[in-house]
Amino acid sequence: MKRSQINTILAQADDMMRSFGVALPPFAYWAPDEFVARAPQARHLIDARCGWDITDYGAGDFDTMGLFLFTLRNGLLGDLQQGGGMCYAEKLLISRRDQLSPMHTHVVKAEDIINRGGADLVMELYGSDDQGNFAEDRGGQVMCDGIVRRFQPGEKLVLGVGESMTLRPGDWHAFWGEGGDVLIGEVSTVNDDETDNVFRDPIGRFAAIEEDVEPKHLLVSDYATRLG
C-alpha cells in the first residue's frame, strides 16, 4: 500500500468515527516527530501496539480485502500468562461495504465483536477439528448478546447495529459490511497481532508500505523501525 493511500484512509476513518460521536485519545493525533519525542513516556503504547493499523493482508487490493483498526488499549501477554493485571484489549474497526476480512481464528484471544453503527455486519463461521484447524465440515456455537446460537459450517450470521457476537479460540470467522460501511467495536483478552492470528489461507497480517509521502500518523507496524 502507498503511504498516501494510508493517510487518506486514516482521515476517512477518523471522519466516520466522529460521525458516530467517537473521540479517539490524544495520542492518536500525534505527528510522527511528536511520537518520537514522547516515546520514553509512551513505552506502554509502543510495547502494547496501541494506535492506528491498516491492512490489505498483503494482497494489494484494500477495497476488496482489508480492514481499518485502531487499538485503544491493550494489556501485555505477561499479565495474561500470570493470570492478573491488564488482561484485556479494546479496538475500533471499520469494515467497508463488501470488504472481506478473510477467514481466520485465534489461539489465545477471545473477543466480542460489536456492531457500533452503520450497515449490517456479516459473520461467516466455521468450526475446528480436534487440533483447532479449520474444518469445512464442522459447525459450532457462539454467543450473540449472551444468547447461545449454533451455526452450520459456512453459515452467515448477520449483526445489526447494537448487536454483538462472542468468538472463542477455534471459532473460524470472516466478515464484511453488507449494504454499507460498519463501525465495529472489539473487546477482547490481550491482543497479539504478531503471533495470534491464524489464517486459513497463506496471507500476511500487515501491509507492505511504499513510502511515496511522509506519514500523517504512525501505524503500529511503524513502531519497530521508527520508535525502537
Side-chain angles (χ1 to χ4, degrees), residues 10 13-14 17 20-30 32 34-55 67-95 101 104-116 123 128 131-132 140-148 159 162-173 175 183-199 204-206 217-228:
L10 292 182
D14 193 34
M17 290 184 287
F20 287 104
V22 175
L24 296 178
F27 77 86
Y29 302 107
W30 292 352
E34 184 176 6
F35 214 142
V36 171
R38 301 181 72 163
Q41 293 77 39
R43 196 70 248 170
H44 176 80
L45 297 177
I46 298 166
D47 292 343
R49 298 172 69 84
C50 296
W52 303 95
D53 186 3
I54 294 169
T55 184
L67 189 65
F68 164 85
L69 312 93
F70 189 95
T71 301
L72 294 157
R73 66 201 85 248
N74 192 18
L76 298 175
L77 187 59
D79 286 340
L80 189 62
Q81 291 169 336
Q82 293 173 13
M86 191 176 181
C87 297
Y88 57 89
E90 181 186 8
K91 288 183 178 182
L92 291 167
L93 302 79
I94 295 174
S95 186
S101 286
H104 66 287
T105 191
H106 307 287
V107 178
V108 175
K109 184 173 75 169
E111 57 187 339
D112 282 359
I113 301 296
I114 310 146
N115 186 334
R116 292 297 192 193
M123 306 289 296
S128 297
Q131 287 73 48
Q141 66 181 37
V142 292
M143 284 197 303
C144 293
D145 299 305
I147 306 300
V148 173
L159 299 179
E163 295 181 326
S164 68
M165 178 179 292
T166 300
L167 298 164
R168 292 181 170 83
D171 293 333
W172 288 83
H173 53 287
F175 57 88
L183 178 62
I184 304 165
E186 178 184 307
V187 178
S188 73
T189 46
V190 170
N191 179 81
D192 180 6
D193 281 323
E194 291 288 334
T195 65
D196 198 33
N197 291 287
V198 181
F199 293 98
R205 168 59 179 82
F206 297 99
H217 303 297
L218 296 183
L219 303 181
V220 296
S221 57
D222 294 319
Y223 292 173
T225 56
R226 293 178 180 259
L227 300 177

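As the structure is a prediction and not an experimental result, all values here were calculated from the model.
The residues Asp193 and Lys91 are annotated as salt-bridged, a charged nitrogen and a carboxylate oxygen being separated by less than 4.0 angstrom. Salt-bridge formation is not detected for the pair Arg205/Glu194: no Lys NZ or Arg NE/NH1/NH2 atom is positioned less than 4.0 Å from an Asp or Glu carboxylate oxygen.
Taking the six-membered ring for Trp and thresholds of 30 and 60 degrees, Tyr29 and Trp52 have ring planes more than 60 degrees apart, a perpendicular arrangement.
More than 12 heavy atoms of other shown residues, nucleotides or ligands fall within 6.0 angstrom of atom CZ in Phe206.
Side chain of Asp53 to backbone of Leu69: no donor-acceptor contact under 3.5 angstrom is found. With hydrogens and angles disregarded, no donor-acceptor distance shorter than 3.5 Å links the side chain of Asn74 to the backbone of Glu90. Within the 3.5 Å criterion, the main-chain N or O of Ala42 finds no donor-acceptor partner in the side chain of His44. Side-chain atoms of Ser128 come within 3.5 Å of backbone atoms of Gly170 as a donor-acceptor pair (strictly under, hydrogens ignored). In this structure, His104 contributes its side chain and Asn197 its backbone to no donor-acceptor pair below 3.5 Å.
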Derivation of the side-chain hydrogen bond (donor to acceptor under 3.5 Å, both in side chains) call for Ser188 and Asn191: CA-CA 7 Å; Ser188 73; Asn191 179 81; 5.0 Å; no
Derivation of the salt bridge (charged side-chain N to carboxylate O under 4.0 Å, His left out) call for Glu163 and Arg116: CA-CA 8 Å; Glu163 295 181 326; Arg116 292 297 192 193; over 6 Å; no
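Remark: the Ser164 side chain and the Asp145 side chain contain an N/O donor-acceptor pair separated by less than 3.5 Å.
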